[in-house]
Amino acid sequence: MSRLGHFLTRTTTTTTTTTTIITSGSIPVPDPALVYFPPSFPQSLRPPSSELGVVPNFLSPHNHDVLVSAAARKLKRLARGPYNEAHFDSVITGYKEASISAWNLSPNQLPINNANNNKNNNNKVNVDLESLYDSDESVNIILRNFERAVESVLASMHVPPVQKWLPPHVLELRDGNSGIGHHVDHKTAFGETIAGLCLISPAVMKFRSVEDPAAEFSVLLPPRCFYFQRGSVRYKFSHAIPLNPDEHEFKGDKVVRRQRVSIMIRDSLIAPPFFNSRNQ
């Protein structure tokens with residue numbers, strides 16, 4: 001049975017589990033140890049921490065399992081059949097994907113209004129996820145929490161707020177013989193900020209300078225983390241998850257490629273300042 005199948009068949013616990021809708025005061029901290037620049041990397045090309053970060057252990061194990069199960073359910077319906085061998089732009093191998101508008105509800109559309117009396121002193125709303133297990137409502141709550149977390153990290157670095165998030169995009173890579181070739185995400189399809197939740201297994205993402213292809217650095221994406229990229233990392237670096245298992249390494253250590261699911265969010269293309277001023 002696949003790891004994804006394991007998550008689909010496991011029994012839920014009876015322990016009450018809550019997630020927090022972040023409204024103020026709670027700022028996740030990126031771990032710089034998950035980003036590796038080799039000694040030869042040019043200092044002049046090194047992006048600031050406001051343009052790339054990885055926050056480990058963002059998802060609780062329970063919330064992780066909710067997203068894995070919900071992603072499998074959606075892909076079974078929206079991406080039927082075997083894994084695709086070639087993406088339309090020849091970038092991805094061994095994958096299934098879908099954009100899910102049902103996971104893009106605004107906070108006032110979520111069933112949390114009755115929780116207002118449960119606000120604590122930090123102005124957070126706690127929601128019992130057990131009553132919403134593996135439902136679109138539950139996923140929406142987790143993803144709105146994710147968006148607020150990304151926004152709070154960027155705000156702490158004095159980055160302008162995201163105006164609008166596009167519907168989440170789910171990508172599954174199969175267990176072995178899958179990967180993503182080097183590419184820069186479409187500059188005219190969405191805006192400056194991209195963030196992703198990483199599920200099931202770790203992955204190594206490689207970044208390569210468009211101006212100097214010899215300049216590469218690596219990022220380790222453990223399960224339950226989220227990462228973000230923006231600015232020069234968004235526009236001036238290509239990124240990839242190597243298909244070749246020998247290249248799927250971090251700081252010299254091989255990382256075994258397994259089945260992986262990511263849930264990506266991207267901001268809407270509303271005059272991104274970095275692209276307009278520096279990339280035309």
S.K.: For Pro56 and Cys225, which heavy atoms make the closest approach, and how far apart are they?
M.R.: CA-CB, 3.8 Å
S.K.: For the side chain of Arg144 and the backbone of Glu147, is there at least one donor-acceptor N/O pair under 3.5 Å apart?
M.R.: no
S.K.: Any ion pair linking Asp267 and Arg234 (charged N to carboxylate O, less than 4.0 Å)?
M.R.: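 No, Arg234 and Asp267 are not salt-bridged.
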S.K.: Taking the side chain as everything from C-beta on, heavy atoms only, tell me whether Pro30 gets closer than 4.5 Å to Val54.
M.R.: no
S.K.: Would you mind telling me which of Phe217, Tyr36, Tyr227 makes a ring pair (Phe, Tyr, Trp, His ring centres under 6.0 Å) with Phe207?
M.R.: Phe217
S.K.: Short question: side chain of His248, backbone of Leu243 - any donor-acceptor pair under 3.5 Å?
M.R.: no
S.K.: Answer yes or no: is there a donor N or O on one side and an acceptor on the other, between the side chain of Thr193 and the main chain of Arg230, under 3.5 Å?
M.R.: no
S.K.: Quick check against the 3.5 Å criterion: does Ser69 have a side-chain atom that pairs as donor or acceptor with the backbone of Val66?
M.R.: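 Not at all, since once roles are kept as given, no pair shorter than 3.5 Å links the two residues.
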S.K.: Determine, step by step, whether Leu52 and Val219 satisfy the side-chain contact (heavy atoms from CB on, under 4.5 Å) criterion, reporting the C-alpha distance in whole Å, the side-chain angles of both residues, the deciding distance to 0.1 Å, and the verdict.
M.R.: CA-CA 10 Å; Leu52 177 70; Val219 175; 3.9 Å; yes
S.K.: Using modelled atom types and a 3.5 Å cut-off, is there a donor and acceptor pairing between side-chain atoms of Asn84 and backbone atoms of Ala86?
M.R.: no
S.K.: Under the side chain to side chain donor-acceptor pair (under 3.5 Å) rule, collect the residues that match up with Ser178, sequence neighbours excluded.
M.R.: Arg257
S.K.: Which pair of non-hydrogen atoms, one from Ala189 and one from Leu166, has the smallest distance, and what is that distance?
M.R.: O-CD1, 4.2 Å
S.K.: Counting distance only, does the side-chain N/O of Glu172 pair as donor-acceptor with the main-chain N or O of Val261 below 3.5 Å?
M.R.: no
S.K.: Tell me, do Leu171 and Ile92 make a side-chain contact under 4.5 Å, heavy atoms counted?
M.R.: yes
S.K.: Any carboxylate oxygen within less than 4.0 angstrom of a Lys/Arg side-chain nitrogen, looking at Glu249 and Lys254?
M.R.: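 Lys254 and Glu249: not salt-bridged.
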S.K.: So if I apply the side-chain contact (heavy atoms from CB on, under 4.5 Å) rule between Arg224 and each of Ile200, Leu59, Leu67, which one comes out positive?
M.R.: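 Among the candidates, only Leu59 passes.
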S.K.: Say you draw a straight line from CZ of Phe250 to CE of Met205; how long is it, rounded to the nearest 0.5 Å?
M.R.: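 Phe250 CZ to Met205 CE: 12.5 Å, rounded to 0.5 Å.
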S.K.: Does any N or O in the side chain of Lys96 come within less than 3.5 Å of the main-chain N or O of Gly81, such that one atom is a donor and the other an acceptor?
M.R.: yes
S.K.: Decide yes or no for Pro32 and Ser49: does some side-chain heavy atom of the first lie under 4.5 Å from some side-chain heavy atom of the second?
M.R.: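 Result no, sub-4.5 Å side-chain heavy-atom pair not found.
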S.K.: Rounded to the nearest 0.5 Å, how far apart are CD1 of Ile263 and CH2 of Trp103?
M.R.: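 Separation between the atoms: 5.0 Å.
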S.K.: Can a donor-acceptor pair be found, under 3.5 Å and without considering hydrogens, that links the side chain of Asp136 to the backbone of Leu105?
M.R.: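 Such a contact is absent between Asp136 side chain and Leu105 backbone.
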S.K.: Are the side chains of Ile100 and Val170 in contact, using a 4.5 Å heavy-atom criterion?
M.R.: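 Touching, per the 4.5 Å side-chain cut-off.
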S.K.: Report the C-alpha distance between Val210 and Tyr235 in whole Å, list the side-chain angles of each, state the deciding distance to 0.1 Å, and finish with yes or no for side-chain contact (heavy atoms from CB on, under 4.5 Å).
M.R.: CA-CA 9 Å; Val210 174; Tyr235 296 115; over 6 Å; no
S.K.: Which pair of heavy atoms, one from Val68 and one from Leu199, lies closest together, and at what distance?
M.R.: CG2-CB, 3.9 Å
S.K.: Tell me, do Phe237 and Val184 make a side-chain contact under 4.5 Å, heavy atoms counted?
M.R.: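 Counting from C-beta outward, Phe237 and Val184 never come under 4.5 Å.
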S.K.: Nearest 0.5 Å, what's the CZ-CD distance between Phe37 and Glu216?
M.R.: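 Rounded to the nearest 0.5 Å, the CZ-CD separation comes out at 12.5 Å.
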S.K.: Take Ile241 and Val204, measure what side-chain contact (heavy atoms from CB on, under 4.5 Å) needs, and give me the verdict at the end.
M.R.: CA-CA 6 Å; Ile241 295 179; Val204 178; over 6 Å; no
S.K.: Please give me the minimum heavy-atom distance between Pro222 and Cys198, naming the atom from each residue.
M.R.: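 Residues Pro222 and Cys198, closest heavy atoms: O-CB, 3.7 Å.
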S.K.: Would you give the length of the straight line joining atom CG of Asn63 to atom CG of Asn145, rounded to the nearest 0.5 angstrom?
M.R.: 8.0 Å
S.K.: Looking only at non-hydrogen atoms, find the nearest pair between Asp212 and Pro42 and report the distance.
M.R.: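 So the two residues come closest at OD2-CG, 4.1 Å.
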S.K.: Under a 3.5 Å threshold, yes or no: a donor from one side chain and an acceptor from the other, between Glu51 and Gln229?
M.R.: no
S.K.: I'd like to know whether the aromatic ring centres of Tyr83 and Tyr95 sit less than 6.0 Å apart in this structure.
M.R.: no
S.K.: Kindly compute the distance separating CE (Met264) from CG (Asp185), expressed to the nearest 0.5 Å.
M.R.: 7.0 Å
S.K.: Could you pull out the closest heavy-atom pair between Ser201 and Arg258, with the gap in Å?
M.R.: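 The pair with the smallest heavy-atom distance is OG-O, 3.5 Å.
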S.K.: Using side chain to side chain donor-acceptor pair (under 3.5 Å) as the criterion, list what pairs up with Ser218, not counting sequence neighbours.
M.R.: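 Expected list: Lys206.
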S.K.: Under the salt bridge (Lys or Arg N to Asp or Glu O under 4.0 Å) criterion, do Arg174 and Glu85 qualify, and how do the steps go?
M.R.: CA-CA 10 Å; Arg174 69 183 168 205; Glu85 298 302 328; 2.6 Å; yes
S.K.: May I ask you to check whether over 12 heavy atoms, not counting those of Lys251, lie within 6.0 Å of atom NZ?
M.R.: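 More than 12 within 6.0 Å, yes.
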S.K.: What do the steps show when you test Ile180 against Leu173 for side-chain contact (heavy atoms from CB on, under 4.5 Å), and what is the final call?
M.R.: CA-CA 9 Å; Ile180 304 173; Leu173 296 178; 4.3 Å; yes
S.K.: If I take atom CG from residue Leu221 and atom CZ from residue Phe226, how far apart are they, to the nearest 0.5 angstrom?
M.R.: 12.0 Å
S.K.: Are His239 and His183 near enough that their ring centres are under 6.0 Å apart?
M.R.: yes
